[in-house]
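Reviewing the structure listed below.
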Amino acid sequence: MLVINKVAIYKLPCPIFVLCCQLFCSAAIVAGANHVGLLQAEVTEWAKLKKFIWVVVGFLGTIFANIKVLQHANVETFITFRSSTPLILSVCDYLFLGRMLPSARSWGALLVLLGGSLGYVMSDSDFRVDAYVWLFLWYCFFTFDTVYVKHMCDTVKMTNWSRVYYTNAIALVPLALSLPILGEHKKLERVQWTPDVVGPLVLSCVVGLCMSHSAYLLRDTVSATLFTIVGILCKIITVVINVLIWDKHATPTGIMFLLVCVLAGTFYEQSPKRSQSNSNSQQQQG
């Protein structure tokens, strides 16, 4: 998805419009499929809608900062900074989501992740101050979004497709209103809608729907920290694709640090819930 978005906003330099297309397609497809009975999504309820407002705040902040990072930095910069998020998320899991703190092995893996991230920053071949400002904003939004959405999955019972519909439909409203404010409607008037522009846009919409659905399924199953680490491990494929098709990739030293981050992630073990851990301890004592 990172590479597809990078190509989409390179061919169509209107990131908010690209996001609006992705959100609209996801919400419209879910609504249409629910109408004809292909999938199940609950009717909109005000009580759930209010809780999803904060989901949308985290979601919009994350994806907007994500797009801005991809505009100003290479893909590896973003991936490596993301590799450091499990360190703080493991503490958030403990403080807010009822998980145990990581084991010594997991702490070691997380510290290596952080070390790899710092190593990349020192060898970054495309250092830009504005890129790192957006990375910091993304970091804050991503942490909030990951923790709060996991809380929502644990406490608000609804089908997975309903979560996809709520998130994309609600987020579309403020994002669409921002199009004229940011002046992207003027850029769109000058766009030539050739196949090499439309193709990546359509592909990003299709993959966006798949990502939204699969992400919620994974969030519902694993901890916030493990969810993030799974995403990091998947990024090795992104790196390979990026090196093959793009000329804006990192130096060999930078990629080495990225691979260190990915390798460290494979050694992380999900922390059990504190109630589950206490139950196991009582059974062993009995």
Side-chain angles (χ1 to χ4, degrees), residues 1-29 55-82 85 124 126-146 164 167-212 215 231 235 238-239 241-242 245-250:
M1 188 64 184
L2 269 175
V3 174
I4 294 172
N5 274 339
K6 184 73 173 180
V7 174
I9 63 176
Y10 177 76
K11 296 291 186 179
L12 180 60
C14 301
I16 302 302
F17 177 75
V18 171
L19 290 175
C20 284
C21 290
Q22 294 173 356
L23 297 175
F24 175 79
C25 288
S26 294
I29 291 173
V55 173
V56 170
V57 169
F59 173 71
L60 283 179
T62 300
I63 59 177
F64 181 72
N66 187 343
I67 288 292
K68 298 302 290 186
V69 168
L70 293 177
Q71 276 190 307
H72 297 291
N74 54 36
V75 172
E76 287 82 4
T77 301
F78 174 74
I79 292 174
T80 309
F81 265 80
R82 178 168 177 157
T85 56
D124 192 351
D126 192 26
F127 181 88
R128 298 180 187 177
V129 175
D130 54 346
Y132 284 87
V133 169
W134 284 112
L135 276 165
F136 173 75
L137 291 174
W138 173 88
Y139 206 101
C140 295
F141 278 115
F142 177 81
T143 301
F144 169 78
D145 177 69
T146 304
V164 173
T167 302
N168 288 277
I170 299 172
L172 178 61
V173 177
L175 209 59
L177 292 175
S178 69
L179 275 173
I181 297 175
L182 297 175
E184 286 199 2
H185 63 294
K186 296 180 180 179
K187 295 181 181 180
L188 291 171
E189 294 174 356
R190 300 190 295 268
V191 172
Q192 296 182 355
W193 298 98
T194 57
D196 65 329
V197 172
V198 176
L201 178 63
V202 172
L203 182 60
S204 73
C205 292
V206 174
V207 177
L209 173 61
C210 297
M211 285 288 294
S212 184
K235 296 302 181 292
T238 302
V239 174
I241 296 173
N242 192 58
I245 72 171
W246 208 257
D247 61 349
K248 297 181 180 180
H249 50 77

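Counting heavy atoms of neighbouring residues, nucleotides and ligands inside a 6.0 Å radius, atom CZ of Phe141 does not exceed 12 of them.
Each of Leu175, Val55, Leu172, Ile170 was compared with Leu60 under the side chain to side chain contact (heavy atoms under 4.5 Å, CB included) criterion, and only Leu175 meets it.
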Problem - side-chain contact (heavy atoms from CB on, under 4.5 Å) between Thr167 and Ser212, intermediate numbers included - result: CA-CA 9 Å; Thr167 302; Ser212 184; 5.6 Å; no
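The closest donor-acceptor contact from the side chain of Thr62 to the backbone of Gly58 lies under 3.5 Å.
Sorted by first and then second residue, the side chain to side chain donor-acceptor pair (under 3.5 Å) pairs with a member in residues 183-194 read Thr194-Asp196; sequence neighbours excluded.
The shortest distance between side-chain heavy atoms of Phe142 and Asn66 does not fall below 4.5 Å. Residues Val202 and Val198 have side chains in contact (heavy-atom distance under 4.5 Å, counting atoms from C-beta outward). Within the 4.5 Å cutoff, the side chain of Trp138 has heavy atoms near those of the Thr85 side chain.
The two residues Pro200 and Ile4 have their closest heavy-atom pair at O-CG2, 4.0 Å. Contact detail for Ser178 and Ile16: the closest heavy-atom pair is OG-CG2, 3.6 Å.
Remark: Asn168 CG to Ile29 CD1 distance equals 10.0 Å, nearest 0.5 Å.
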Which side-chain N or O atoms in residues 19-28 pair as donor and acceptor under 3.5 Å with protein atoms at least two apart or in another chain?
residue, atom, partner, partner atom, Å
Gln22, NE2, Asn5, OD1, 2.9
Gln22, NE2, Ser204, OG, 3.2
Ser26, OG, Gln22, O, 3.0

